[in-house]
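This report refers to the structure that appears directly beneath it.
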There are 2 protein chains.
Amino acid sequence: MLTAKTNIIENIPAMLQNKGISPSIQRIKIFEVILKNRVHSSADYIYRELVHEIPTLSKTTVYNTLALFVEKGLINSFSVDSTELLYEHSNKPHAHFQCEICKEIFDMDFNSTIFNMKEIEGNMVNNVHIIFRGMCKNCKTKIKNK
Amino acid sequence: MLTAKTNIIENIPAMLQNKGISPSIQRIKIFEVILKNRVHSSADYIYRELVHEIPTLSKTTVYNTLALFVEKGLINSFSVDSTELLYEHSNKPHAHFQCEICKEIFDMDFNSTIFNMKEIEGNMVNNVHIIFRGMCKNCKTKIKNK
DNA sequence: GTATCTGCAAAACATTTGCAATTCT
DNA sequence: AGAATTGCAAATGTTTTGCAGATAC
């Protein structure tokens, strides 16, 4: 029996084709990495994850593919105070927490009517990104136990 | 009679000292640029604004100063899907709108209880950043009139 | 005169671009 | 063969780093 997750991953070619993207090996694998790592998939991270499996993979392809995915609306790109763009599957509205100590970025299961806003001050809203920053519970515990 | 704005700008040395930053000419001028341009002050923008007035100014100093300001909590840095970090005076909670067409970033006069959150899923929140993305009213008008 | 601050030059790092090689149909 | 895709190498742009010179107290 298939779990929900493997099920999704086995359907990657179909998911790509649904968005008008022809499913090459590289594209399938890149999207798989993004699906497995809901947050903080950087181009470099994806490259490092895959280069062993696909030794000929180039970063250019990773960048090209990510740009294509964003253009087709398959994934979103965002950045949190950094030089590095991050990518994630554009499924649900975004809420992220970034720890100012360990720099880690966590997905927050957070709902708000803000995500439903379609207009603000006369501007048309396509998507909303909420970023919380502070100290994560892990770092809080570490500091307490010092 | 002083307006509120000139009043603030004349107090820059005091504002810096309040945060434990000694007010050199470069630091005063850099902060002045940030105060005048509430949004989208990039390191490069600040440099270009000041290099005529302070011909010896170097980008290193701009970067050093911005890092110092952020460290002391005088300003916040943020980035919106771009390589370039942006800086603004950390006065009020943030809400930005970025147009996907013209790439411009606008300050939104937007209030939400989310800005008051001090905790989320056990993590300590220091600040909250909300980014709306879509099509700004200017671009909407341009497209309509085509 | 010592600590702080500034700035040049070079390095580092993410991303983009031009173009050639490869793959798919 | 022709079109799409991949990938190397070089360029670009932002930010960081090492260190020397200037400035301030």
Side-chain angles (χ1 to χ4, degrees), chain A residues 12-13 16-17 19-34 40-72 74-88 103 105, chain B residues 12-13 16-17 19-34 40-72 74-88 103 105:
Chain A
I12 287 179
L16 296 182
Q17 272 162 332
K19 296 281 186 174
I21 301 163
S22 58
S24 72
I25 285 289
Q26 290 87 341
R27 288 171 180 177
I28 291 169
K29 289 293 171 186
I30 288 170
F31 190 46
E32 196 180 313
V33 172
I34 293 168
H40 62 244
S41 290
S42 66
D44 188 61
Y45 173 80
I46 293 167
Y47 176 78
R48 290 195 319 269
E49 282 290 295
L50 293 178
V51 73
H52 299 110
E53 192 177 350
I54 312 170
T56 59
L57 183 68
S58 90
K59 277 209 184 166
T60 307
T61 300
V62 176
Y63 281 112
N64 286 343
T65 303
L66 291 172
L68 178 71
F69 285 180
V70 170
E71 185 204 321
K72 299 289 189 181
L74 185 65
I75 62 174
N76 285 326
S77 70
F78 68 99
S79 68
V80 185
D81 250 55
S82 101
T83 330
E84 210 173 37
L85 277 175
L86 304 173
Y87 300 87
E88 69 184 358
K103 307 298 174 195
I105 295 165
Chain B
I12 287 179
L16 297 181
Q17 272 162 333
K19 295 281 187 175
I21 300 162
S22 57
S24 71
I25 284 289
Q26 289 88 340
R27 289 171 180 178
I28 291 169
K29 287 294 171 186
I30 289 169
F31 191 45
E32 195 181 312
V33 172
I34 293 168
H40 62 244
S41 290
S42 67
D44 188 60
Y45 174 79
I46 293 167
Y47 176 78
R48 290 197 318 270
E49 282 291 297
L50 293 178
V51 72
H52 299 109
E53 193 176 351
I54 312 171
T56 59
L57 184 68
S58 92
K59 276 210 185 165
T60 306
T61 299
V62 176
Y63 280 113
N64 286 342
T65 302
L66 291 172
L68 179 71
F69 285 179
V70 171
E71 185 205 321
K72 299 288 187 180
L74 185 65
I75 63 174
N76 285 327
S77 70
F78 69 98
S79 68
V80 185
D81 251 55
S82 102
T83 332
E84 210 173 37
L85 278 174
L86 304 174
Y87 300 87
E88 68 185 357
K103 308 299 175 194
I105 295 166

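Proteins get letters first, then strands, A, B, ... in listed order; numbering begins at 1 in each. Quick caveat: nothing in here was measured; it's all calculated off a predicted structure. Just the heavy atoms: all of them, side chains too, but no hydrogens, waters or symmetry mates, feed the values below.
- Set against C/dT6, D/dT6, D/dT15, the side chain of B/Leu85 has D/dT15 as its closest nucleotide.
- Using a 4.5 Å heavy-atom threshold, the side chains of A/Tyr87 and A/Asn76 count as separate.
- Among the nucleotides D/dT5, C/dC8, D/dT15, the one closest to the side chain of B/Ala43 is D/dT15.
- Distance from the side chain of B/Ser22 is smallest to C/dT4 among C/dT6, C/dT4, D/dG7.
- Between C/dT6 and B/Ser24, a contact under 4.0 Å exists linking OP1 or OP2 to a side-chain N or O.
- Annotation: side chain of B/Phe31 is in contact with side chain of B/Ile75 (closest heavy-atom distance under 4.5 Å).
- Distance OH (B/Tyr45) to P (D/dT15): 16 Å, rounded to an integer number of Å.
- The nucleotide whose nearest atom lies closest to any side-chain atom of B/Thr60 is, among C/dA14, D/dG18, D/dG7, D/dG18.
- Using modelled atom types, no side-chain atom of B/Thr61 and backbone atom of B/Leu57 make a donor-acceptor pair closer than 3.5 Å.
- Taking the side chain of A/Leu57 as heavy atoms from C-beta on, and the options D/dG7, C/dG7, D/dT15, the nearest nucleotide is D/dG7.
- Closest to the side chain of B/Tyr63, out of D/dT16, C/dT6, C/dT16, is D/dT16.
- In this entry the distance linking CD1 of B/Ile46 with P of D/dT14 reads 13 Å, nearest Å.
- What separates CZ of A/Phe69 from P of D/dT6 is a distance of 9 Å, to the nearest Å.
- Here B/Gln26 reaches the OP1 or OP2 of C/dG7: one of its side-chain N or O atoms lies under 4.0 Å away.
- Put simply, CZ on B/Arg27 and CD1 on B/Ile12 are 14.0 Å apart, with the number rounded to the nearest 0.5 Å.
- Here the OG atom belonging to A/Ser22 is positioned 8.0 Å from the CG atom belonging to A/Leu68, to the nearest 0.5 angstrom.
- Contacts of A/Thr61 with the nucleic acid, taken as non-hydrogen atoms under 4.0 Å apart, include base atoms.
- With rounding to whole Å, B/Leu86 atom CG is found 14 Å from D/dT15 atom C1'.
- Judged by closest nucleotide on DNA chain D, A/Arg27 is the one of A/Arg27 and B/Thr83 placed further toward the 5' end.
- Atom CD in B/Glu71 sits roughly 16 Å away from atom C1' in D/dT16 (whole-Å rounding).
- Mapped onto DNA chain C by nearest heavy atom, B/Thr56 and A/Glu84 fall at different nucleotides, with B/Thr56 at the one closer to the 5' end.
- For the pair A/Asp44 CG and C/dC13 P, the computed distance is 10 Å after rounding to whole Å.
- The CD1-P distance, from A/Ile30 to D/dG7, rounds to 9 Å in whole Å.
- Per the geometry, CD1 belonging to A/Ile25 stands 11 Å off P belonging to D/dG7, to the nearest Å.
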